[in-house]
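I have placed the structure first, in the form of structure tokens, so that the comments after it can refer back to it.
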Amino acid sequence: MTGKLTLSRAINEGLRRALESDDKVMIMGEDVGKLGGVFRVTDGLQKDFGEHRVVDTPLAESGIVGTAIGLALRGYRPVCEIQFDGFVFPATDQIVSQLAKMRYRSRGAVSLPVTIRIPFGGGIGAVEHHSESPEMFFAHTAGLRVVACSDAAEAFTMIQLAIESEDPVIFLEPKRRYWDKAEVDTATPLSGALPLDKARVVVPGDDVTLLSYGPLVRTCAEAAVAAREDGRSVEVIDLRTLSPLDMPTIAESVDKTGRCVVAHEAPVFGGLGGEIAARVTEACFYNLEAPVLRVGGFATPYPPSRLEDHYLPDLDRILDGVDRTFEF
Amino acid sequence: MTGKLTLSRAINEGLRRALESDDKVMIMGEDVGKLGGVFRVTDGLQKDFGEHRVVDTPLAESGIVGTAIGLALRGYRPVCEIQFDGFVFPATDQIVSQLAKMRYRSRGAVSLPVTIRIPFGGGIGAVEHHSESPEMFFAHTAGLRVVACSDAAEAFTMIQLAIESEDPVIFLEPKRRYWDKAEVDTATPLSGALPLDKARVVVPGDDVTLLSYGPLVRTCAEAAVAAREDGRSVEVIDLRTLSPLDMPTIAESVDKTGRCVVAHEAPVFGGLGGEIAARVTEACFYNLEAPVLRVGGFATPYPPSRLEDHYLPDLDRILDGVDRTFEF
Amino acid sequence: MTDSELIQLLTPEGERLAHPMYPLDDSEVDLKGLYRDMTLVRRVDTEAISLQRQGELGIWASLLGQEAAQIGSGRALAPADMAFPSYREHGVAWCRGLEPEKLIELFRGVSHSGWDPAERKFHLYTIVIGDQTLHATGYAMGIQRDGADDEAVIVYFGDGATSQGDVSEAFNFASVFNAPVVFFCQNNQWAISESNERQTRVPLYQRASGFGFPGVRVDGNDVLACYAVTRQALRAAREGQGPSLIEAFTYRMGAHTTTDDPTRYRIASELETWKLKDPIERVRVYLARSGQADSGFFEKISAEADELGARIREACRAMPDPAPLSLFDHVYAGSHAILDAERERFAAYLDSFESEGASR
Amino acid sequence: MTDSELIQLLTPEGERLAHPMYPLDDSEVDLKGLYRDMTLVRRVDTEAISLQRQGELGIWASLLGQEAAQIGSGRALAPADMAFPSYREHGVAWCRGLEPEKLIELFRGVSHSGWDPAERKFHLYTIVIGDQTLHATGYAMGIQRDGADDEAVIVYFGDGATSQGDVSEAFNFASVFNAPVVFFCQNNQWAISESNERQTRVPLYQRASGFGFPGVRVDGNDVLACYAVTRQALRAAREGQGPSLIEAFTYRMGAHTTTDDPTRYRIASELETWKLKDPIERVRVYLARSGQADSGFFEKISAEADELGARIREACRAMPDPAPLSLFDHVYAGSHAILDAERERFAAYLDSFESEGASR
Ligand SMILES: Cc1ncc(C[n+]2csc(CCOP(=O)(O)OP(=O)(O)O)c2C)c(N)n1
Ligand SMILES: Cc1ncc(C[n+]2csc(CCOP(=O)(O)OP(=O)(O)O)c2C)c(N)n1
Ligand SMILES: [Mg+2]
Ligand SMILES: [Mg+2]
């Protein structure tokens, strides 16, 4: 069965599959029940699976993650929704000090298969705290897996793989792409899907490697098309997994192209781009024609929405980054 | 007036100066009063300045930072003590979403001169959550200044500069160096001190640049001595400031040496080393003989203390990093 | 909940009641002024909603139904008192003299909150649920340290917010330090789609007693009761009696925000019931019936509302987008080399378009 | 607090009381067993403190004075019940059958908590204050979903912990979902150097009512009262009556941990007062006076304690340091390329020393 689904709907379908195939799977969060979430990602699920499996919680993010940990200790597989990126911070302690460390602390006795879904990033004209990119808080935290989906087809399988994972997964959803449609194959078994810890080449190319994840993958693909007109062949890679990074896929590409640009919405300073730059430089030192360059958010808070188009890396800024790597 | 002080005592003296010179300065935290803090950094201050200025708070880190914000709005300059690094996470939301952003949100109308002292890092044989290095959570957050002191003399002036700063400052104290003594000049006026946003060359050298901050500065200096015996001239820089980074000082050194190693206790993955590597590679691309290498904590939770000597970068691992840059 | 728990001075039918613990004489209060305030802020609200529909605002959080809670409490504030709002306190903003245009800016996406809280005695809107309760408590601790016994603090938050750890921490700090802060919870029965029973199984005002300070439930649609109860709580705070919690029992008559669709989660009849308790209507009835106002008064207010609406509409449409480089302003008080370099590079980047023309 | 608020079944003088709400017949409880438990865990404690002094442990958190609270509540647990400790619950660990050596491991720095919580029905020690209360509540929500009406949860935390937002959030989740969890607060009067008045201005058990569930204060030095009150609370939880809070009013007779120096912040006479309320002594007096035990019994227990002490001492000294590469184990269930590469490189690095010898 294939058909065009929005990214939001694809996650909804993925959640439905997970709820159907394992009765330990639960959904928890604010407004995930009757409302179906503010982005409708959980639409209809409470109606079909009941209030015990799709749980509207009190308004407390630490409470959501903390009780999800307890439920996981009891054998459940909770999928927590954090309503917006900026509201994950009250849950930091439970995620960083408890969720991420429990397996290690218990010498492997405890598994916490908790998935934390976070609609992240900007571009929807929202008020403050609704456009954050907090991924580095989690990628820097050992014990978590951090992944970001970029389109409906990917989202459908990735959410299911995340829920299947025995490790806690931070699952980032590019909220401004929720309404983007793509062909989703819901028939092929999950076992055939690309594993959660692999990156994927979205646009093949030879001159420069362009790495991104989440909402900017589409922008990067568009940049590759634009660059082609200028006679430049850009290879675009959707990282998919931020922790771990799929270094073999990345290094193979950069060894071939000799140039690399990383784009993300999160501030450049301390962002994933730095980590990638360090690793790529070490792995591909003799093949690099230019330093790895980064295009990303500035070292400012996320600005008022009327300025976000300037804050967010767009086609032009990404191409500018690509251009600059050819100045070396 | 100069004399030998421990690092802990030097901060205590710095706090005393600040309390004396500005009656809006306050100290808040758990056990900072009669006990003088678990590391005695606030020893005697409540006795001398009263319970209104040195405040034992309820056991709640979010509450400490949140009320400090309110006090700052009222014109106070609170210095918050977080008892150990691992206990800053419950305060993440107040730090990241409120403290860091308030000036920006108010278009400059509001200043929040709050200092958050965090004893950080490992090496004291402690139980879990007492040896963390959470600096990247804050360095990645725009609106905060993040600094780390490395010895008593520096600590004495830096804590005063932090409290003087109109911006919120995350002040990292290398807890395993609390008992290290150094000559501290308490007579020279603060205006003569090295500003908070400058790095400093600790050991000059020519062959390779070794960057660090906090507890590992001493280890790096020792490594430089050891390397000299092998005929290698290592320039050691104490970064002091993590946000902003003092790139001119760093780049000048690397342009000279052509090689760079960054050492920190925090996990390498997503750590400051990656950011530095990216910037140094861009700034010094044509002068680099080798990729910037990193020596740091592993992508694991902080281990049980009987394993921490393996987890923490020590003289040998730092020298190994230095050696590896000569293999390129 | 028994009816006797709910403090009420003016019934939905416009009947004036007395309450032994909250005596309030009509002469002590400018009821026509309160009517005017409520009517005008409701107009601000209506106007903002339609501006959002027209694409002028990104979003708007409506206060419809909560006018009495906000105006009653807001007018009980002394000029020196400090108020900490959530994101729906347009009525309190009004009482503090903040131009509605300032709020419009925020929801338009032109600024995050473009006023000086110290000057306005009105803090920035706070969107992260509950965070502001700690700021208010800290501010109140500052008042104590200043020995300013003529000042108190009020902090606004919703029923949903009571579930946040920060709010409990604020209750506790305020109690332990006996801080002069009034916790004003507008229980509008809903936190987006979640009804009260998802947040508590006992009336919210009872939360206070467990932290060691008084809590009271007031009819949040009764502007006089809100005024009287808040005035008394603030007075107690100023007199050193410490914090208290006011639960204003009200109803969110509109959607959570303009992006919300309440038909998905609540039944229409609920709204009908609450329409009968409208906070403005009961004042109109009482004013008219008691002869304190005639139709001329009501017409004048209505005309004033029309004018205000027009003013806001125009001001909103005229608001320019901020200059691109302003996005780098006010991150730090001093210079910050990393940020400064980014600003410089971005300025050069923007310039390159100017000089190139539309080269790409 | 009036005395009548405090549930007591055995006075400090060893006098046996009855309580109308918590009936407990001597025949229902193995008082000699409780005496033995308390005596043995106190010995574990003493032994650990001296091991720490000898440099064998990094730190130790003493339970001295809290034996009755822990053994009384721990023995009230049914085998299927799940317990979530803080870091001081050595007595509860004992009741769950956990070998003291496992605790020693943790404080020695050999492991973070080397047992299987599911198998032991005893969760890992939690050091971040208050975090475990949410885990316990979530676990209890799982029990509800399993329809396991023969199971309940108990969670331990201190007086200081009640100030943490997470604890309030746990109270609220438990209340809203009516989860079968007993919140057991050992109010030992101190949070390191901070006395109770820094955490609350009313008795802590009252916190519960504001969240909509019952709270009770029990003499935490009375093992029978702790047993009876906990048993009843667990039973109520299993029967679907939801959560409750027990405040065990006790005293931390020792330092906060072995690194603490209480002389800096509390007066010696306080300790003297509490020594008169020693939780073990009153049981000894009652057992002897009521003829339930003779000197032979007490000598036997004392000998058993000596043996246990010796066993722990030896076990501790014999504990090898973990293998260096084990620091990479159990971070993830599956492979993680970044971590795996680090492990590999570190292994090679270690090997280089082996092969080079002491080259540096
Ligand atoms: C920490 C946090 N979590 C989630 C949200 C998203 N959110 C915005 S408003 C809201 C409901 C708030 O309900 P309530 O406190 O009752 O206030 P009301 O909107 O009814 O005035 C939620 C969940 C948020 N702003 N902050
Ligand atoms: C979140 C957090 N903050 C601070 C600490 C440091 N700390 C350890 S124990 C303690 C006091 C705890 O007091 P209480 O809850 O009464 O428990 P007790 O130690 O008396 O058993 C503190 C502040 C911590 N472990 N966790
Ligand atoms: Mg509400
Ligand atoms: Mg205590």
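Letters A, B, ... mirror the listed sequences (proteins, then strands); counts begin at 1.
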> Any idea which heavy atoms bring B/Pro244 and C/Ala337 closest together, and the distance?
Replying inline: CB-N, 3.9 Å

> For B/Ala60, is it the side chain, the backbone, both, or neither that has a heavy atom closer than 4.5 Å to a heavy atom of chain C?
Replying inline: both

>> To the nearest 0.5 Å, what is the distance between OG on C/Ser113 and CE on B/Met102?
In response: 9.5 Å

>> Using heavy-atom distances under 4.5 Å, tell me whether B/Ser165 contacts chain C through its side chain, its backbone, both, or neither.
In response: neither

> Nearest heavy-atom pair of B/Asp167 and C/Ala333: which atoms, and what distance?
Replying inline: OD1-N, 2.7 Å

> For B/Arg74 and C/Ala148, which heavy atoms make the closest approach, and how far apart are they?
Replying inline: NH2-CB, 3.8 Å

>> Quick test of your reading of the model: are B/Arg107 and C/Asp329 salt-bridged, counting only N-O distances below 4.0 Å?
In response: no

>> Among C/Met141, C/Arg145, C/Glu119, which residue has the highest count of heavy-atom pairs closer than 4.5 Å to chain B?
In response: C/Arg145

>> Looking at every non-hydrogen atom in both residues, tell me the closest pair between B/Ser97 and C/Val128 and how far apart they are.
In response: CB-CG2, 4.2 Å

> Would you find a donor on one side and an acceptor on the other, under 3.5 Å apart, between the side chain of B/Tyr76 and the backbone of C/Gly138?
Replying inline: no

>> If we define contacts as heavy-atom pairs under 4.5 Å, which of B/Gly143, B/Pro248, B/Gly108 has the most with chain C?
In response: B/Gly143

> Which of residues 154-167 of chain C have a heavy atom under 4.5 Å from any heavy atom of chain B?
Replying inline: C/Asp166

>> For C/Thr133, which atoms come within 4.5 Å of any heavy atom of chain B: side chain, backbone, both, or neither?
In response: neither

> With a 4.5 angstrom heavy-atom cut-off, which part of C/Asp146 approaches chain B: side chain, backbone, both or neither?
Replying inline: both

>> Report which part of B/Arg279 has an atom under 4.5 Å of a heavy atom belonging to chain C: side chain, backbone, both, or neither.
In response: side chain

>> As an exercise, state the distance from OG of C/Ser111 to OH of B/Tyr104, rounded to the nearest 0.5 Å.
In response: 11.0 Å

>> Regarding C/His112 and B/Ser106, do their side chains bring together a donor and an acceptor under 3.5 Å, going by distance alone?
In response: no

>> For chain C, which candidate among B/Glu166, B/Arg53, B/Gln94 shows the most heavy-atom pairs at distances under 4.5 Å?
In response: B/Gln94

>> Can you tell me which portion of B/Thr57 sits under 4.5 Å from chain C's heavy atoms? Options are side chain, backbone, both or neither.
In response: both

> Where does C/Ile143 contact chain B at under 4.5 Å (heavy atoms): side chain, backbone, both or neither?
Replying inline: both

> Taking the side chain as C-beta and beyond, is there a heavy-atom pair between B/Ser243 and C/Ile338 under 4.5 Å?
Replying inline: no

>> Just so I understand: if I count every heavy-atom pair under 4.5 Å between each of B/Asp197, B/Thr241, B/Leu245, B/Val65 and chain C, which residue has the most?
In response: B/Leu245

> Tell me, side chain or backbone of B/Asp56 under 4.5 Å from chain C's heavy atoms, or both, or neither?
Replying inline: backbone

> Would C/His135 and B/Thr67 count as a side-chain hydrogen bond (donor to acceptor under 3.5 Å, both in side chains) if you check the C-alpha gap in whole Å, the side-chain angles of each, and the deciding distance to 0.1 Å?
Replying inline: CA-CA 5 Å; C/His135 308 159; B/Thr67 55; over 6 Å; no

> When you look at CD of C/Gln241, are more than 12 heavy atoms from neighbouring residues, nucleotides or ligands closer to it than 6.0 Å?
Replying inline: yes

> Can you tell if the side chain of B/Arg105 reaches within under 4.5 Å of the side chain of C/His330, non-hydrogen atoms only?
Replying inline: no

> Can a donor-acceptor pair be found between the side chains of C/Gln144 and B/His52 at a distance below 3.5 Å?
Replying inline: no

> Around atom CD of B/Glu20, are there more than 12 heavy atoms of other residues, nucleotides or ligands at under 6.0 Å?
Replying inline: yes

> For B/Val55, is it the side chain, the backbone, both, or neither that has a heavy atom closer than 4.5 Å to a heavy atom of chain C?
Replying inline: side chain

>> For B/Lys24, which atoms come within 4.5 Å of any heavy atom of chain C: side chain, backbone, both, or neither?
In response: side chain

>> Checking C/Leu134 against B/Ile69 for the side-chain contact (heavy atoms from CB on, under 4.5 Å) test, could you report, in this order, the C-alpha distance in whole Å, the side-chain angles of both residues, the deciding distance, and whether it holds?
In response: CA-CA 8 Å; C/Leu134 281 167; B/Ile69 290 171; over 6 Å; no

> Using a cut-off of under 4.5 Å for heavy-atom pairs, which of C/Leu339, C/Asp116, C/Val331, C/Val153 has the most such pairs with chain B?
Replying inline: C/Val331

> Does anything in residues 83-109 of chain C get under 4.5 Å of chain B by heavy atoms, and if so which residues?
Replying inline: C/Phe84, C/Glu105

> Within the distance-only criterion (no hydrogens, no angle test), does the side chain of C/Tyr332 pair as donor or acceptor with the backbone N or O of B/Leu144 below 3.5 angstrom?
Replying inline: yes

>> For the interface with chain B, which of C/Gly334, C/Ala118, C/Ala136 has the highest count of heavy-atom pairs at distances below 4.5 Å?
In response: C/Gly334

> What part of B/Met26 lies closer than 4.5 angstrom to a heavy atom of chain C: side chain, backbone, both or neither?
Replying inline: side chain

>> Restricting to non-hydrogen atoms, name the atom on B/Pro58 and the atom on C/Asn172 that form the minimum distance, rounded to 0.1 Å.
In response: CB-ND2, 3.9 Å

> For C/Arg345 and B/Glu282, what are the C-alpha separation, side-chain angles and deciding distance, and is it a salt bridge (charged side-chain N to carboxylate O under 4.0 Å, His left out)?
Replying inline: CA-CA 14 Å; C/Arg345 165 169 284 171; B/Glu282 189 172 347; 3.7 Å; yes

>> Tell me the closest heavy-atom pair linking B/Gln98 and C/Asp131, and the distance in Å.
In response: NE2-OD2, 2.9 Å

>> Does any backbone or side-chain atom of C/Phe177 lie under 4.5 Å from a heavy atom of chain B? Answer side chain, backbone, both or neither.
In response: side chain

> Where on B/Ser62 is there a heavy atom nearer than 4.5 Å to chain C: the side chain, the backbone, both, or neither?
Replying inline: both

> Heavy-atom count around C/Lys121 NZ within 6.0 Å, excluding the residue itself: above 12?
Replying inline: yes

